[in-house]
There are 2 protein chains.
Amino acid sequence: MRDDETLEADRPRDADEADHHAAVEAVVAALDAGDADAARAVAADLHEADLADVIEQLTRGQRVAFVRALGPAMPPEALAELEESTRDEVLRLLDPAVLAEAVRELDSDDVVYLIEDLEDEDQKRVLEALDAEDRFVISQALGYPEYSAGRLMQREVVTAPPWWTVGQMIDFMRASDDLPEPFYDVIVVDPAMKPLGMIPLSRLLGARRPMTLEGVMETEFRTVRVADEQEDVARLFNKYHLVTAPVLDETGRLAGVITIDDAMAALDEETEEDMLRLAGVGDEA
Amino acid sequence: MRDDETLEADRPRDADEADHHAAVEAVVAALDAGDADAARAVAADLHEADLADVIEQLTRGQRVAFVRALGPAMPPEALAELEESTRDEVLRLLDPAVLAEAVRELDSDDVVYLIEDLEDEDQKRVLEALDAEDRFVISQALGYPEYSAGRLMQREVVTAPPWWTVGQMIDFMRASDDLPEPFYDVIVVDPAMKPLGMIPLSRLLGARRPMTLEGVMETEFRTVRVADEQEDVARLFNKYHLVTAPVLDETGRLAGVITIDDAMAALDEETEEDMLRLAGVGDEA
């Protein structure tokens with residue numbers, strides 16, 4: 001039985017669409033019956049990306065009812081998966097306290113993505129829900145141009161000095177309870193936060209504990225700058241098979257990192273725009 | 001000085017193009033002067049992806065001379081970066097012994113990509129250079145349909161049984177000298193090689209040594225099947241932010257893994273084809 005289920009769940013496209021259809025129907029039935037618990041139960045069973053798809057497929061009236069039924073049960077990650085038009089509508093429907101809580105749970109790049117197109121007043125309301133440090137970080141990111149590396153990057157980075165040993169590094173990670181998840185590389189920095197090298201986790205796991213990070217790190221690596229365009233960053237990732245790229249600010253200090261999943265999303269977004277333009281329906285057509 | 005160089009090297013597009021132009025000129029000058037050492041020196045200074053770009057920009061005559069000058073100094077990874085038409089031409093120019101050596105150094109997915117479009121006779125020549133086990137693995141991959149997950153996946157996978165501890169796993173990786181590089185997840189399998197769970201390396205590094213893999217692994221994960229289409233696989237990666245997807249054969253056993261960089265390359269390839277089709281110059285237009 002279990003094998004069949006696993007294999008069934010593997011079908012990348014058809015099953016998705018059938019599942020979405022079933023989930024939309026279940027949500028609508030629960031809302032029609034005024035059964036908020038049942039609506040929440042449907043949401044709880046879905047991956048955040050699928051929940052976002054379902055929310056997009058509801059009518060506006062159903063969407064309002066569903067978001068109200070979910071309330072604090074709305075998973076923050078689902079908000080980050082919504083497309084722009086739906087996203088802004090849903091954010092406006094959420095209780096400020098729920099929105100504030102959601103934003104606190106997300107990585108900085110997701111928060112920026114969530115609120116960048118909100119109107120000034122709504123944006124201010126979300127920023128006020130953050131503590132001072134997070135607010136500073138997000139405000140700074142919003143100061144970079146749209147579609148720039150500064151917007152795409154996340155601030156959460158695992159850094160270490162070159163004189164640490166592999167053992168110290170592993171112990172540090174084991175003791176830390178707020179590592180970004182997932183991450184793929186440790187960035188070795190000097191005291192001025194300039195990147196000196198990178199260590200893929202697979203290499204760290206293959207190294208002996210007494211070795212210094214300096215002896216293990218990769219010193220040839222590619223970086224991007226906060227003002228670089230997302231499209232160029234995506235092509236850089238694809239060409240050189242990068243997984244993580246440190247992002248430097250105007251003074252050459254480490255400002256954040258871009259990871260390959262963000263670069264892949266940017267690549268997909270850019271090509272979609274190019275295709276719309278070719279088909280004659282894009283902004284610039 | 002060093003900072004300026006770092007920043008200069010960051011420019012994703014302009015510097016690349018200027019560098020390529022300079023490299024092409026240096027190669028042509030070296031070949032004209034009959035100086036094979038100088039030609040090899042240019043190649044040695046370039047990233048494999050850039051060397052592939054330079055080879056593509058040469059005329060056919062220059063390309064023949066350059067490949068001969070490089071000889072065994074041709075980096076195997078550069079071969080895997082070449083576009084289809086140039087790739088087949090270059091492979092045919094290489095000495096069989098050099099080609100055999102190159103193929104032995106590459107991961108299985110790169111070997112498949114390299115030789116899949118070669119004519120039967122050339123393909124046979126390369127396969128004969130491999131040892132029996134590698135030959136079996138590559139032949140099997142070539143048996144899957146074009147543009148399928150079976151072609152895209154690599155066979156090199158780090159697997160472990162669920163009863164191993166985190167400490168045992170780390171010690172195993174430290175002692176192993178042929179780990180795939182890079183890799184991002186350990187796949188926990190049962191004795192019949194059916195995947196039970198996945199452990200991102202960042203999670204393994206955050207876990208205490210006495211814990212069992214079963215206690216650390218993620219049991220909800222998405223798999224693909226060997227016959228799934230690359231395009232669907234790429235969209236699955238993008239939608240669910242996957243980094244590694246186990247690939248199952250017809251009986252549900254682990255046949256290999258697809259990693260996000262391969263999925264990103266497939267996405268890029270697919271959208272490029274879609275765009276050509278939209279522009280009316282594609283195969284099916």
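Given the structure is predicted, the values throughout are model-derived calculations rather than measurements. Chain naming here is simple, since letters A, B, ... match the order of the sequence lines and numbering starts at 1 in each.
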Part of B/V243 lying under 4.5 Å from any heavy atom of chain A: side chain
Point-to-point distance, once rounded to the nearest 0.5 Å, from NE2 of A/H47 to CZ of B/R222: 5.5 Å
Straight-line distance of A/L179 CG to B/R203 CZ, nearest 0.5 Å: 12.0 Å
Pick from A/L205, A/L267, A/D177 with the largest number of heavy-atom pairs that fall under 4.5 Å of chain B: A/L205
Residue pairs, two or more places apart or on separate chains, that pass side chain to side chain donor-acceptor pair (under 3.5 Å) and touch residues 205-216 of chain B: B/D171-B/R209
Residues, nucleotides or ligands: over 12 heavy atoms within 6.0 Å of A/R174 CZ: yes
Region of A/A207 that comes under 4.5 Å of a non-hydrogen atom in chain B: backbone
Contact check, side chains of B/Y184 and A/L201, non-hydrogen atoms, under 4.5 Å: no
Contact listing (chain B partner; residues 254-265 of chain A; heavy atom under 4.5 Å): A/I260, A/D261, A/A263, A/M264, A/A265
Test item: side-chain donor near acceptor, A/H241 and B/E81, under 3.5 Å: yes
